[in-house]
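The structure appears right after this line, and notes come after that.
Heavy-atom basis, side chains included; hydrogens, waters and symmetry copies ignored. Quick caveat, the model's predicted, so the values are computed rather than measured. Order of listing sets the numbers, starting from 1, for every ligand and every atom in it.
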Amino acid sequence: MNKEQFQLFPIKTDINKLDHLSIGGCDTNELVKEFGTPLYIYDEFTLTEMCKNFSKEFKSRYPNTEIVYASKAFSNLSIFKILEHQGLGLDVVSGGELALAESINFPNKKIYFHGNNKTRKELKQALIYQVGKIVVDNFYELNLLNELAKDLKITQDITLRLSPGIDPHTHTYTTTGTLDSKFGFSLETGDAAKAFDTANRMSNLQLTGIHFHLGSPIFELEPYAVAIDKVLEFISKLELDNQKQNLLEFSPGGGFAIGYIEKELPPPISSYAETITKTLKDGCSKYGLAQPKLVIEPGRSIIGRAGIALYKTGSIKVIPNVRKYISVDGGMGDNIRPALYDSKYHAVVANRMSDTRKDIITIAGKFCESGDILVKDINMPIINPEDIIAIPASGAYNSAMSSNYNMNPRPPILLVNEGKAKLIRRGETYKDLIQYDIV
Ligand code: LLP
């Protein structure tokens, strides 16, 4: 593997004496023998390094920064514990994600509750757990939340989710901050200004700041700079009973990219940090605003590189002059991203790492859909049945968006560190699949 390819894998990746892929000091082939395939492995060292990196790069430039992990990227109790230990907060978008956090007593004040249609039940759950902030998305929620907080006789801190109308140039399905988006109060339509006015008049809500999220993954820095400046200018011009809006918190969301293939590596975290903190500082002085707390919400960039997926190869179909399909024992059930977003991935043969490249193949999944292709037309060694394929950068939005399509059980998930592997989610069984149905 070359230097760029190593950057796609967890930091503690090696090729051992047996020519096997090793992650966190564990031979992946041995793990496959013990746990089977498909198998997901997370490297603890990479995870903690990413947390430290974000902390260092942002706080050295802007000490008043809070890092909040977007748990939709991968929700797991062991992972939440590690993140809590690293001092991160948690962004949740459902009662389910919140329930996981509650089950390990995740510090409530470090929880941000997001979502464009939080239900009455979910809002109540968040109020009762006394989460730090509820990020209000729309007028319906503003009224409903105030009413619920009043019933419970509490005052809830909120921030407003704004839609700044900036295109971050990513997949349309994961673009969120443009005019035609279901998320947030639009600056363009006048809703944002109206939302400040309404929120400030709510008896049981305390407006503390704003949030926006442009999309994900964002490989460019410019959209962050343009959006931050635009939102600060907007805030400075708000006329609220002749008072300036006092911003205690400012969040430009998450969306920081990771490398999936060697040809598309993202800017380093330091560049995102430099752009965001500089634009925020410059904007505050330009528009005469006090510097607020900066809240960033990385999901993918915290957990994505830490995870790899392992599969075993099975059937091989050669269509002369067209394509060679190598099928593996997982696919769109554990990674929907290629089918949904046309996402590109790298792959290696984990049991013959130094084998030189001789073939162009397409790695297909086992699900009953022609679109179930994990990697299209990739250079790889000649592959035989029962080889082990490893796909890096699989830590974010794979397991998180997994399904039981075709009644395939979800794979087990391991956490590796210093040569030890720990099961952090057991694999599903057929019994698990059957248990919900009633005859
Ligand atoms: N904050 C908010 C409000 C968000 O909506 C998201 C992601 C994040 C933070 C974290 O974004 P990240 O840092 O992970 O890029 N399923 C898609 C990604 C959807 C992202 C949804 N929101 C994918 O697999 O690429």
Inset, instruction - With side chain to side chain contact (heavy atoms under 4.5 Å, CB included) as the test, would you mind laying out the steps for Val416 and Tyr42 before giving the verdict? - result: CA-CA 6 Å; Val416 293; Tyr42 284 82; over 6 Å; no

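- Ligand 1 has no nitrogen or oxygen under 3.5 angstrom from a nitrogen or oxygen of Ser301.
- Contacts between His213 and ligand 1 below 4.0 angstrom, taking non-hydrogen atoms only, involve the side chain exclusively.
- At least one cation-pi condition fails for Lys344 and Tyr260: the charged atom is not both under 6.0 angstrom from the six-membered ring centre and inside a 45 degree cone around its axis.
- The aromatic rings of His171 and Tyr341 stand perpendicular to each other, their planes meeting at an angle above 60°, with 30° marking the opposite boundary.
- Of all protein heavy atoms, the one closest to atom 1 (N) of ligand 1 is Glu297 OE1, 2.6 Å.
- If you number the atoms of ligand 1 from 1 as listed, the ones under 4.0 Å from a heavy atom of Ala70 come out as 8 (C), 9 (C), 10 (C).
- Contacts of Leu340 with ligand 1, taken as heavy-atom pairs under 4.0 Å, are absent altogether.
- When only non-hydrogen protein atoms are considered, atom 4 (C) of ligand 1 lies nearest to Lys72 NZ, 3.0 Å.
- Residue-ligand proximity, Arg161 to ligand 1, at heavy-atom distances under 4.0 Å covers atoms 3 (C).
- Looking at Lys110, its side chain does come within 3.5 Å of a backbone N or O of Gly87 through a donor-acceptor pair.
- Residue contacts with ligand 1: His171 is excluded, as none of its non-hydrogen atoms falls under 4.0 Å.
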Inset, instruction - Evaluate salt bridge (charged side-chain N to carboxylate O under 4.0 Å, His left out) for Glu66 paired with Lys293, printing each intermediate quantity in order. - result: CA-CA 7 Å; Glu66 176 153 13; Lys293 173 159 111 178; 2.7 Å; yes

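- Atoms of ligand 1 lying under 4.0 Å from any heavy atom of His114, numbered from 1 in the order shown and given with element: 3 (C).
- Ligand 1 has an N or O atom lying under 3.5 Å from an N or O atom of Gly299, backbone or side chain.
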Inset, instruction - Check the pair Asn76 / Ile413 against side chain to side chain contact (heavy atoms under 4.5 Å, CB included), numbers first and verdict last. - result: CA-CA 10 Å; Asn76 174 274; Ile413 303 178; 5.6 Å; no

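- For the atom pair OG1 (Thr275) and CG (Leu221), the distance works out to 4.0 Å, reported to the nearest 0.5 Å.
- Of all protein heavy atoms, the one lying nearest to atom 20 (C) of ligand 1 is Tyr397 OH, 3.5 Å.
- Counting only heavy atoms of the protein, atom 18 (C) of ligand 1 lies nearest to Arg300 NH2, 3.6 Å.
- Between His211 and ligand 1, not a single N/O pair is under 3.5 Å apart.
- The distance between the ring centers of His213 and His114 does not fall below 6.0 angstrom.
- Taking the ring axis of Phe212 as reference, the NZ or CZ atom of Arg161 does not stay both within 45° of it and closer than 6.0 Å to the ring centre.
- Of the protein's non-hydrogen atoms, the one nearest atom 24 (O) of ligand 1 is Arg337 NE, 2.6 Å.
- Every atom of ligand 1 is numbered from 1 in the order shown, and the set under 4.0 Å from a heavy atom of Gly255 is 11 (O), 12 (P), 13 (O), 15 (O).
- With Thr175 contributing its side chain and Gly215 its backbone, the two residues share no donor-acceptor pair below 3.5 Å.
- If you look at Tyr341 next to ligand 1, the close heavy atoms, those under 4.0 Å, all belong to the side chain.
- When all heavy atoms of Asp91 and Lys72 are compared, the pair lying nearest together is OD2-NZ, 3.8 Å.
- Not counting sequence neighbours, the partners of Phe139 by the ring-ring contact (aromatic ring centres under 6.0 Å, His included) test are Phe185.
- For the pair Met401 and ligand 1, the shortest N or O to N or O distance does not fall below 3.5 Å.
- In Pro298, the part holding a heavy atom less than 4.0 Å from any atom of ligand 1 is the backbone.
- At least one N or O atom of Ser216 sits closer than 3.5 Å to an N or O atom of ligand 1.
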